[in-house]
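Inspection log for the structure reproduced underneath, given as structure tokens.
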Protein chains: 2
Amino acid sequence: MEHLNEKECKSAGMAVRDTLEIISGKWKLILLLTFYKKGKRRFRELVKELNISPRVLSKELQELEMNKLVTRTVRNTRPMTVEYDITPYCRTLGSVLQPMKEWGELHRQEIIGKKNSE
Amino acid sequence: MEHLNEKECKSAGMAVRDTLEIISGKWKLILLLTFYKKGKRRFRELVKELNISPRVLSKELQELEMNKLVTRTVRNTRPMTVEYDITPYCRTLGSVLQPMKEWGELHRQEIIGKKNSE
DNA sequence: CGGCATCCACTTGGATACTG
DNA sequence: CAGTATCCAAGTGGATGCCG
């Protein structure tokens, strides 16, 4: 996780990397977007909807929960059910995701659009 | 690289992930920050300063170059030398890195600072 | 149903020798 | 010196069985 071998990590680098690692990985973004668009979801629903293995889903949700981006709520139903949802705090990630979305779109133009305009 | 199995990747997700993958990995950020703070660097300098293996450095620089974030300049010196540096375009990444830095710092407070304020 | 344990495949990054 | 090829270690994600 924190394998920085130079003093690059000092001020700016560390904070940027913290943010980076929180949303990195194959499923973090997909999960947050799913909650954002469809609301609360149960464990099994996520497994089926996203076609993610339970082992991985469990780990991803735990990490998101540790970072206070999602909540885990146990329902006292006949079989047991657990609901996951994003927190209000998770919305603050918008200040990061929005610029990333915009830059990504511009970059696609920069790379693909101007491919042969040397 | 692009293993999105749901329609989550549609609009927003794709662009965000594009940006994410460009700056992900162990060395991308360190390299860009090194150029930013110390200016142009030769291949061997980077290997020694960062303690990165040549194989990995070569791959990382190629990827950054493909995304037009760094330039590669061959010098016609006695032994051969190659200089790498960031492009002006790379500076536009600031609109992404700055919010990431700020959110990362706030998040550190949110997680560590308020650890026992439930 | 939630989710952990086990086993496995693929990817990422490192060490090092070697070539132009 | 720059960069590649080879080999290898560790991490990440997937499949599946099992248990409470």
Side-chain angles (χ1 to χ4, degrees), chain A residues 1-6 8-9 13 17 20-35 40-67 70-85, chain B residues 1-6 8-9 13 17 20-35 40-67 70-85:
Chain A
M1 292 304 184
E2 62 316 296
H3 33 210
L4 304 185
N5 48 356
E6 279 287 284
E8 324 303 60
C9 60
R17 189 165 299 270
L20 194 53
E21 291 183 346
I22 285 171
I23 57 179
S24 284
K26 179 171 175 179
W27 294 105
K28 299 275 161 54
L29 226 44
I30 295 177
L31 282 169
L32 294 182
L33 288 177
T34 297
F35 291 132
K40 64 179 67 165
R41 280 281 176 283
R42 289 185 300 122
F43 191 86
R44 200 96 239 290
E45 285 179 327
L46 291 169
V47 168
K48 287 194 289 188
E49 289 179 20
L50 302 178
N51 203 32
I52 181 178
S53 79
R55 191 186 72 85
V56 174
L57 177 59
S58 177
K59 187 176 67 67
E60 299 287 286
L61 288 173
Q62 280 178 29
E63 289 171 8
L64 290 174
E65 194 188 358
M66 281 190 350
N67 283 311
V70 306
T71 55
R72 176 179 181 278
T73 309
V74 179
R75 295 279 170 219
N76 275 331
T77 50
R78 26 294 143 75
M80 166 210 228
T81 57
V82 177
E83 281 177 358
Y84 290 91
D85 202 355
Chain B
M1 291 303 182
E2 61 315 297
H3 33 211
L4 305 184
N5 48 355
E6 278 289 281
E8 323 303 59
C9 63
R17 190 165 297 271
L20 192 54
E21 291 183 345
I22 286 171
I23 58 179
S24 283
K26 179 170 175 179
W27 294 106
K28 298 275 160 54
L29 226 45
I30 295 177
L31 282 168
L32 294 181
L33 287 177
T34 296
F35 291 131
K40 64 179 68 167
R41 282 278 174 285
R42 289 182 302 121
F43 191 87
R44 200 93 239 293
E45 285 179 326
L46 291 170
V47 168
K48 287 194 290 188
E49 288 179 21
L50 303 179
N51 203 33
I52 181 178
S53 79
R55 191 186 72 86
V56 175
L57 177 58
S58 178
K59 186 177 68 66
E60 299 288 284
L61 288 173
Q62 280 177 28
E63 290 171 9
L64 290 174
E65 194 189 358
M66 279 189 351
N67 282 311
V70 307
T71 55
R72 177 179 180 278
T73 310
V74 179
R75 296 278 170 219
N76 274 331
T77 50
R78 24 297 143 77
M80 168 210 228
T81 58
V82 178
E83 280 178 359
Y84 290 91
D85 202 355

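The sequence lines fix the lettering, A, B, ..., with proteins before strands; numbering per chain opens at 1.
- Between the side chain of B/Thr34 and the backbone N or O of B/Ile30, at least one donor-acceptor pair lies under 3.5 Å.
- Comparing C/dG13, D/dG3, C/dC1 by their closest approach to the side chain of B/Lys59 singles out C/dG13.
- Whole-Å rounding puts the B/Glu60 CD to C/dG13 C1' distance at 9 Å.
- Between C/dG3 and A/Gln62, no contact under 4.0 Å exists linking OP1 or OP2 to a side-chain N or O.
- Whole-Å rounding puts the A/Leu57 CG to D/dT12 P distance at 17 Å.
- Annotation: side-chain contact (heavy atoms from CB on, under 4.5 Å) contacts of B/Met66 (sequence neighbours excluded): none.
- In this view, B/Glu83 and B/Lys40, B/Arg75 satisfy the salt bridge (charged side-chain N to carboxylate O under 4.0 Å, His left out) rule, not counting sequence neighbours.
- Straight-line distance from the CZ atom of A/Arg75 to the C1' atom of C/dC1: 15 Å, rounded to whole Å.
- Remark: B/Glu60 CD to B/Leu46 CG distance equals 11.5 Å, nearest 0.5 Å.
- Axis angle between the ends of the helix from C/dC1-D/dG20 to C/dG20-D/dC1, five pairs each and rounded to 10 degrees, works out to 30°.
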Under 4.0 Å protein heavy-atom contacts per nucleotide of nucleotides 14-20 of chain D, with B for base, S for backbone only and - for none
BBB----
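- Rounded to an integer number of Å, the gap from CZ of A/Arg44 to C1' of C/dG2 is 9 Å.
- In this structure, A/Arg78 atom CZ and C/dG2 atom P are separated by 12 Å, rounded to whole Å.
- A/Leu61 has its CG atom 14 Å from the C1' atom of C/dC4, to the nearest Å.
- The side-chain contact (heavy atoms from CB on, under 4.5 Å) test applied to B/Lys59 returns B/Glu63, not counting sequence neighbours.
- For B/Trp27 against B/Leu50, the heavy-atom pair with the smallest separation is CH2-O, 3.5 Å.
- One distance of note links CD of B/Glu21 with OG of B/Ser24; it measures 7.0 Å at 0.5 Å rounding.
- Rounded to the nearest 0.5 Å, atoms NZ (A/Lys28) and CG (A/Asn67) are 8.0 Å apart.
- For the OP1/OP2 pair of C/dC1 and a distance below 4.0 Å, the side-chain nitrogens and oxygens of A/Tyr84 include no atom meeting the criterion.
- A straight line from CG of B/Leu46 to P of D/dG3 spans 10 Å, rounded to a whole angstrom.
- Distance B/Lys28 NZ to C/dG13 P: 7 Å, rounded to the nearest Å.
- Not counting sequence neighbours, the partners of B/Arg72 by the side chain to side chain donor-acceptor pair (under 3.5 Å) test are B/Tyr84.
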